[in-house]
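Here is the structure we will look at.
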Amino acid sequence: YYSNQRKISLKSVLGDISITSETEGQFIKSGEEVVYQIKATNSGDQELPYVTIEDTISEYLEVESVEVDGKVLQDGEYELLQDLESTNTLLTIEDSLEAGQTKTYTVRAYVLDDLPVFTEVQEVTNRVVMYAYSMEIANAQIIHLLDVTPPDENPDDNPDDNPDDNPDDN
């Protein structure tokens, strides 16, 4: 394309991203594992040599591992940083995608054991964004629900486990 005798090259960048989990929309509890998959696709006809996947991970989750197409990534192949705008964690993966290629990133995380006491259900949201050439080209999000039911301190109703319920001790 020429404008005022200046040549301008336009590059079409097409991509898609999705995030799924078997526990999406379900209640999750302290200590439970949450596994979700991010699928990034280059739907264009040119290689995307500079792709960045950013996943904003809820403050209530701790990342255990990250995989790409079944291969566990090592430290240095991804980055976990504190999100400066919130108390969430930002997972960043630098990668490339051939034309028409899809990669699946699997994130394994655990719900923190030492959660604050909540009186209302909390949404645990993960938002993922795909960038190419530093430009956002796709985004998606997934929501889990954090169970706010306090743990049962005497799950088997054994009076020996709860001295306040045992009248013989008084």
Side-chain angles (χ1 to χ4, degrees), residues 15-41 51-95 97 102-132 134 136-170:
D16 187 41
I17 198 158
S18 66
I19 183 169
T20 59
S21 171
E22 290 181 8
T23 55
E24 179 179 6
Q26 296 179 19
F27 284 101
I28 55 177
K29 298 178 182 178
S30 292
E32 286 187 346
E33 182 181 46
V34 177
V35 179
Y36 57 95
Q37 294 186 321
I38 300 165
K39 290 190 179 188
T41 301
V51 173
T52 301
I53 308 297
E54 285 187 356
D55 180 11
T56 303
I57 299 171
S58 168
E59 64 187 295
Y60 306 122
L61 297 177
E62 183 175 338
V63 174
E64 178 72 20
S65 67
V66 180
E67 303 172 13
V68 61
D69 292 334
K71 176 191 171 273
V72 177
L73 298 181
Q74 304 301 312
D75 290 341
E77 293 182 291
Y78 65 93
E79 190 172 50
L80 286 171
L81 297 172
Q82 183 69 39
D83 184 350
L84 298 176
E85 297 176 11
S86 69
T87 56
N88 297 327
T89 300
L90 189 62
L91 167 65
T92 305
I93 304 168
E94 302 288 339
D95 212 335
L97 291 168
T102 297
K103 288 188 179 180
T104 301
Y105 304 89
T106 302
V107 179
R108 295 179 186 280
Y110 287 90
V111 181
L112 297 177
D113 286 327
D114 56 345
L115 293 172
V117 176
F118 298 109
T119 57
E120 297 179 348
V121 171
Q122 300 293 307
E123 288 186 350
V124 177
T125 303
N126 289 66
R127 183 174 188 272
V128 64
V129 179
M130 179 177 170
Y131 296 92
S134 300
E136 182 178 330
I137 59 172
N139 67 69
Q141 76 175 17
I142 192 169
I143 297 174
H144 292 90
L145 302 173
L146 190 58
D147 189 348
V148 296
T149 307
D152 186 355
E153 295 187 18
N154 188 8
D156 57 1
D157 291 326
N158 186 343
D160 293 335
D161 291 345
N162 192 345
D164 295 335
D165 291 342
N166 193 344
D168 295 336
D169 290 343
N170 292 333

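We use all heavy atoms of the structure for the numbers below, so side chains are in, but hydrogens, waters and symmetry mates are not.
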Between side-chain atoms of residues 113-130 and protein atoms elsewhere (two or more places apart, or another chain), which donor-acceptor pairs fall under 3.5 Å?
from, atom 1, to, atom 2, distance (Å)
D113, OD1, G31, N, 3.4
Q122, NE2, E120, O, 3.2
N126, ND2, Y36, OH, 2.9

E77 versus Q74, closest heavy-atom pair with distance: OE1-N, 2.6 Å
Donor-acceptor contact present, side-chain T52 to main-chain E94, <3.5 Å: no
Interatomic distance, D147 atom CG to K29 atom NZ [nearest 0.5 angstrom]: 5.0 Å
Side chain to side chain, L73 and K71, heavy atoms closer than 4.5 Å: yes
Heavy-atom closest pair, residues A140 and S18: CB-CA, 4.2 Å
Which atom of A40 lies closest to which atom of I53, heavy atoms considered: CB-CD1, 3.9 Å
Heavy-atom closest pair, residues I57 and N88: O-CB, 3.1 Å
Exercise: identify the closest heavy-atom pair between Y105 and D95: OH-OD2, 2.7 Å
Gap separating the CG atom of L80 from the CD1 atom of I93, nearest 0.5 angstrom: 9.0 Å
Interatomic distance, E54 atom CD to T56 atom OG1 [nearest 0.5 angstrom]: 7.0 Å
Distance, nearest 0.5 Å, that separates CD of Q37 from CD1 of I19: 10.0 Å
L84 CG: over 12 foreign heavy atoms closer than 6.0 Å: no
Heavy-atom check, side chain of V35 versus side chain of E22, under 4.5 Å: no
Verdict with reasoning, V111 to L146, per side-chain contact (heavy atoms from CB on, under 4.5 Å): CA-CA 9 Å; V111 181; L146 190 58; 3.8 Å; yes
Enumerate donor-acceptor pairs with a distance under 3.5 Å from any side-chain N or O in residues 59-68 to protein atoms, sequence neighbours excluded.
from, atom 1, to, atom 2, distance (Å)
E59, OE1, T87, OG1, 2.9
E59, OE2, T87, OG1, 3.0
E67, OE2, R108, NE, 3.4

Rounded distance [0.5 Å steps], CD1 in I137 versus OG1 in T41: 10.0 Å
Closest contact, heavy atoms only, G15 versus A138: O-CB, 3.9 Å
K103 atom NZ: more than 12 heavy-atom contacts under 6.0 Å: yes
From CG (D55) to CG (N139), nearest 0.5 Å: 12.0 Å
Check: H144 and E32 side chains under 4.5 Å, non-hydrogen atoms: no
